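Working notes, beginning with the structure itself.
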Amino acid sequence: MLDVKLVRENTAKVIDALKRRNYDPSILDNFLKIENERRELLRVIEDRREQRNKLSQEIARLKRDKKDASSILNEAKNISDSISEKEERLRLLEEQSAQELLLIPSIPHDSVPVGKDEAENVEIRRWGTPRELDFPPLNHWDIGEMLGIIDFDRATKIAGARFSLMKGMGAKLERALMNFMLDLNTAKGYKEIFPPLLVNRNAMTGTGQLPKFEMELFRTVDPEFYLIPTAEVPVTNIHRDEILNENDLPIYYTAYTPCFRREAGSYGQDTRGLLRQHQFNKVEVVKFVKPENSYDEHERLTNDAEDILKRLCLPYRVIALCTGDMGFASAKTYDLEVWLPGQQRYREISSCSNFEDFQTRRAGIRFKREGKKGTEFVHTLNGSALAIGRTVVAILENYQQKDGSVSIPDALKPYMGIEAIK
RNA sequence: GGAGAGGUGGCCGAGUAGGUCGAAGGCAGCCGCCUGCUAAGCGGUUGUGGGGAUAAAACUUCACCCAGGGUUCGAAUCCCUGCCUCUCCGCCA
């Protein structure tokens, strides 16, 4: 969420940001109106409280001296009554103000291309050349089923649509990829984390999945938990409501977790194959950094994700999302898109975002500078490094051979122990 | 699942017949003093968030003793609910 003060005192800047994001700036009007009334009322209430506190002290003094306090006591009671009346109104205003504030998206960084939708995203760079095939490429689901390593029919029997059953070398490929990615990330200084996969409401709210995206989440009943849609949630929440020391930063984490998503509203999209599942594996990286470093860290985080694709020799491109296509909380996002021969196009395999202080303000993650008073909000970044299911897709499709086998990328051979899946 | 105990500031730890308690004391931190170094010692200081005031401070005020309600003129202290932690028994990967 944004800083209330910023919205209040620098409204023009926020309006400009909303316009660039293709949002209707009038969503601010209500917020500002509520905020004004809230502050006015707050001042009145605090004034009354001061009066009451003084009277209470007076009462205490009188009682200690065994003197009569009944008249002043009455006065205090009256003030108290009038306070609680106003407090009710204040509570309502606070609630509304907070709700309105949560609807305002973050401010895009100046370097983010302005645009309406994904059509105006900007390609930053390309790496690798798609292989020339002397045979018609197959889709990964055909490859997977022919090799007997992915079983969609039985997954449907066990769970339902949008689930998959990995078998034999397919299952091993998943495991090989998570180890490969974790090993690579930890070698770069990311600390490995294995977090809870079910989290409480506070955690989901802290990173912004709630209340806005309730429909995207799986939830348990009694007791109530949410299944994480990404490791970003539990890992970012590691430091929720903490005040870190300046020299604790930067903090780099990497975590492998399964991810669970309802995919509500995506009916008809990517219904076949592994691309869009209710459950998928992902290795995530999360950074907590000082504000002045966050854009530098963003580039490096993106490079780290790219490095995995390079080592797997998978052609990809880097896309800067435009203002209209960026996520609600992000100030800048690069998507990594990998080449899929089966679809003859690039598809997202990683998303690397800088949230600046948008998440940490909400989650209460601050730090203290050496020798300075007060606290500042930490900046957070995260990215997939990488989505494993989609990496499997990319490997199957890019490494498919004419005879129907799939060779194993060199970097993975130590993890797979074989040269090819036949 | 059964039976108990408890959640206080960066940490440890006081504070229950409700009243100058934002909270004693200790440790850690910071500033100064002292001692030729080190250690010790002495004095002072150190929470977070919001509002007002200010050029900015100083200043002032409100809130915060797990969370949310309640009682009261007044609650860290009393009552209810929830969450969490710990100990013992049972069960279990």
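These figures come from a predicted structure and were not determined experimentally. Order of the sequence lines sets the chain letters (A, B, ...), proteins ahead of strands, with each chain counted from 1.
Annotation: the span from A/Leu165 atom CG to A/Arg154 atom CZ amounts to 8.0 Å, rounded to 0.5 Å. In this structure, CZ in A/Arg48 is found 11.5 Å from CD in A/Glu87, a value given to the nearest 0.5 Å. Taken from CG in A/Leu396 to CG in A/Asn139, the straight-line distance is 11.0 Å, to the nearest 0.5 Å.
Considering only side-chain N and O atoms, A/Lys368 lies under 4.0 angstrom from the phosphate OP1 or OP2 of B/U48. A/Arg39 has a side-chain polar atom (N or O) that falls below the 4.0 Å cut-off from OP1 or OP2 of B/G52. In this structure, A/Ser56 does not reach the B/A75 phosphate: none of its side-chain N or O atoms is under 4.0 Å from OP1 or OP2. Under 4.0 angstrom from either OP1 or OP2 of B/G74 there lies no side-chain N or O belonging to A/Asn53. A close approach under 4.0 Å does not occur between any side-chain nitrogen or oxygen of A/Arg38 and OP1 or OP2 of B/G51. Taking side-chain N and O atoms only, A/Thr375 has no distance below 4.0 Å to OP1 or OP2 of B/U48.
Along RNA chain B, the nucleotide nearest to A/Leu73 and the one nearest to A/Asp3 differ in position, and the one closer to the 5' end is contacted by A/Asp3. Along RNA chain B, the nucleotide nearest to A/Arg8 and the one nearest to A/Lys63 differ in position, and the one closer to the 5' end is contacted by A/Lys63.
Nucleic acid contact for A/Lys5: sugar-phosphate only, since backbone atoms but no base atoms lie under 4.0 Å from a heavy atom of the residue. A/Arg361 comes within 4.0 angstrom of no nucleic acid atom, judged by non-hydrogen atoms across all strands. When heavy atoms are screened at a 4.0 angstrom cut-off, A/Ala60 is found touching base atoms of the nucleic acid. If you check every strand for non-hydrogen atoms under 4.0 Å, A/Arg61 touches nothing.
Distance from the side chain of A/Arg43 is smallest to B/G52 among B/G52, B/U48, B/C73. Among B/C62, B/C73, B/U48, the nucleotide with an atom closest to any side-chain atom of A/Arg366 is B/U48.
Going from the C1' atom of B/G9 to that of B/U45 covers 16 Å, rounded to whole Å. Taking atom C1' in both B/C84 and B/G25, the straight-line distance is 28 Å, to the nearest Å. One P atom belongs to B/C31, the other to B/G36, and the distance between them is 23 Å to the nearest Å. Annotation: B/G51 and B/A58 have their P atoms spaced 15 Å apart (nearest Å). Across the P atoms, B/G13 and B/C80 are found 27 Å apart, a figure rounded to whole Å. Taking atom C1' on both B/A55 and B/U48, the two are 26 Å apart, rounded to the nearest angstrom. Atom P of B/C83 sits at a distance of 48 Å from the matching atom of B/G41, rounded to the whole Å. Between B/U46 and B/G10, the distance separating the two C1' atoms is 11 Å to the nearest Å.
Across all strands shown, B/A93 forms no Watson-Crick or G-U wobble pair with both key distances under 3.5 Å. Under the Watson-Crick and G-U wobble criteria, each requiring two contacts below 3.5 Å, nucleotide B/C21 is left unpaired. Using the Watson-Crick or G-U wobble rule with both distances under 3.5 Å, B/A63 pairs with B/U48. Across every strand in view, B/G6 sits in a pair with B/C84 that passes the Watson-Crick or G-U test at under 3.5 angstrom.
Between the P atom of B/G74 and the CD atom of A/Gln51 lies a distance of 14 Å, rounded to the nearest Å. Going from atom CD of A/Glu37 over to atom P of B/G51 covers 17 Å, rounded to whole Å. Nucleotide B/G68 holds its P atom 11 Å from the CZ atom of A/Arg91, rounded to whole Å. For the pair A/Glu50 CD and B/G52 P, the computed distance is 15 Å after rounding to whole Å. Per the geometry, CG belonging to A/Asn200 stands 17 Å off P belonging to B/G82, to the nearest Å. Summarising the geometry, the separation between CD1 on A/Ile59 and P on B/G18 is reported as 16 Å, rounded to the nearest angstrom. Nucleotide B/A67 holds its P atom 19 Å from the CZ atom of A/Arg201, rounded to whole Å. Rounded to whole Å, the distance from CG on A/Leu42 to C1' on B/G51 is 6 Å.
Remark: A/Thr186 engages A/Glu192, A/Thr254 in a side chain to side chain contact (heavy atoms under 4.5 Å, CB included) (not counting sequence neighbours).
Not a single donor-acceptor pair, N or O on each side, falls under 3.5 Å between the base of B/G74 and the side chain of A/Gln57.
A/Glu397 has its side chain within reach of A/Val393: a pair of non-hydrogen atoms, C-beta onward, lies under 4.5 Å apart. Using a 4.5 Å heavy-atom threshold, the side chains of A/Tyr334 and A/Ile124 count as touching.
Both tests do not hold together for A/Lys191 against A/Tyr253: distance to the six-membered ring centre under 6.0 Å, angle to the ring axis within 45°.
Residues A/Ala320 and A/Pro113 share a closest heavy-atom pair of O-CG, 4.0 Å.
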